[in-house]
Amino acid sequence: MIDVFRGLTITEVVLHHTTGMALRYLTPGTLSHDAVTVLNRTLHFAVPAFVFLSAVVLTRSLLRRFEPRRYFWRRLTRGGWPYLLWSALYMLWYVLSGQRPRRR
């Protein structure tokens, strides 16, 4: 059941971003623009869905073998360093692409 929910949320994210991009190219006031807008706004449940999914999976993981020290260490090593790495790369790209000037 978790995998079905995960698949639905992944599909929702793809559709949400696709319809968001399509809105840039459709003429406002047309039937296609209005239909894509309704679909795009309907698909705004992605973030709450992923937060809920993460809470369920992580809680299940913690309760399966209740060792808080091991659990939190694994969350830090498996989630913390990728978060820091990608945040740093994004900030670097943001500055190098000229979207934010360098501070002097």
Side-chain angles (χ1 to χ4, degrees):
M1 192 63 175
I2 293 290
D3 288 335
V4 171
F5 188 72
R6 184 178 291 138
L8 287 172
T9 56
I10 290 169
T11 303
E12 187 279 334
V13 167
V14 171
L15 286 172
H16 179 72
H17 285 288
T18 303
T19 57
M21 181 64 76
L23 284 172
R24 296 179 186 172
Y25 298 101
L26 294 172
T27 306
T30 63
L31 179 60
S32 58
H33 183 273
D34 293 344
V36 171
T37 299
V38 169
L39 180 59
N40 181 269
R41 298 301 183 258
T42 304
L43 297 173
H44 272 262
F45 68 87
V47 172
F50 273 113
V51 169
F52 175 74
L53 180 64
S54 296
V56 168
V57 170
L58 292 174
T59 301
R60 196 171 82 182
S61 170
L62 175 62
L63 296 178
R64 188 174 331 146
R65 222 169 88 183
F66 190 73
E67 295 177 34
R69 174 179 265 170
R70 180 177 180 269
Y71 173 80
F72 288 113
W73 177 251
R74 290 182 71 169
R75 297 294 71 78
L76 181 66
T77 57
R78 290 185 178 180
W81 78 264
Y83 176 78
L84 292 174
L85 172 67
W86 286 107
S87 295
L89 290 173
Y90 177 75
M91 287 185 272
L92 183 64
W93 173 81
Y94 200 70
V95 170
L96 293 176
S97 65
Q99 295 182 47
R100 177 175 213 112
R102 294 182 184 161
R103 292 187 180 194
R104 296 176 190 229

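All heavy atoms count here, side chains included; hydrogens, waters and symmetry mates do not.
Counting only heavy atoms from C-beta outward, the side chains of Arg69 and Trp73 never approach each other to under 4.5 Å. Residues Leu39 and Leu15 fail the side-chain proximity criterion, which asks for heavy atoms closer than 4.5 Å.
Under a cut-off of 6.0 angstrom, the local environment of CD1 in Ile2 is crowded, with over 12 non-hydrogen atoms contributed by other residues, nucleotides or ligands. Applying the 6.0 Å contact sphere to CZ of Phe52 captures no more than 12 heavy atoms from other residues, nucleotides or ligands.
In this structure, the side chain of Thr59 does not engage the main chain of Val56 through any donor-acceptor pair within 3.5 Å.
Considering only residues two or more places apart in sequence or on other chains, Leu23 meets the side chain to side chain contact (heavy atoms under 4.5 Å, CB included) condition with His33, Val36, Thr37, Asn40, Arg41.
Checked options Leu63, Leu58, Leu76; the residue passing with Tyr71 is Leu58 (criterion: side chain to side chain contact (heavy atoms under 4.5 Å, CB included)).
Remark: Leu89 CG to Trp86 CH2 distance equals 6.0 Å, nearest 0.5 Å. Interatomic distance, OG of Ser32 versus OH of Tyr25, reported as 15.0 Å (0.5 Å rounding).
In the hydrophobic clustering of ILVMFWY residues, with side-chain heavy atoms under 4.5 Å counting as a link, Met21 and Leu26 come out apart.
Contact record, Val13 with Ala46: CG2-CB, 3.7 Å, taken as the closest heavy-atom pair. Considering every non-hydrogen atom in both Thr18 and Val14, the closest pair reads OG1-O, 2.6 Å. Closest heavy-atom contact between Pro68 and Leu62: CA-CD1, 4.4 Å.
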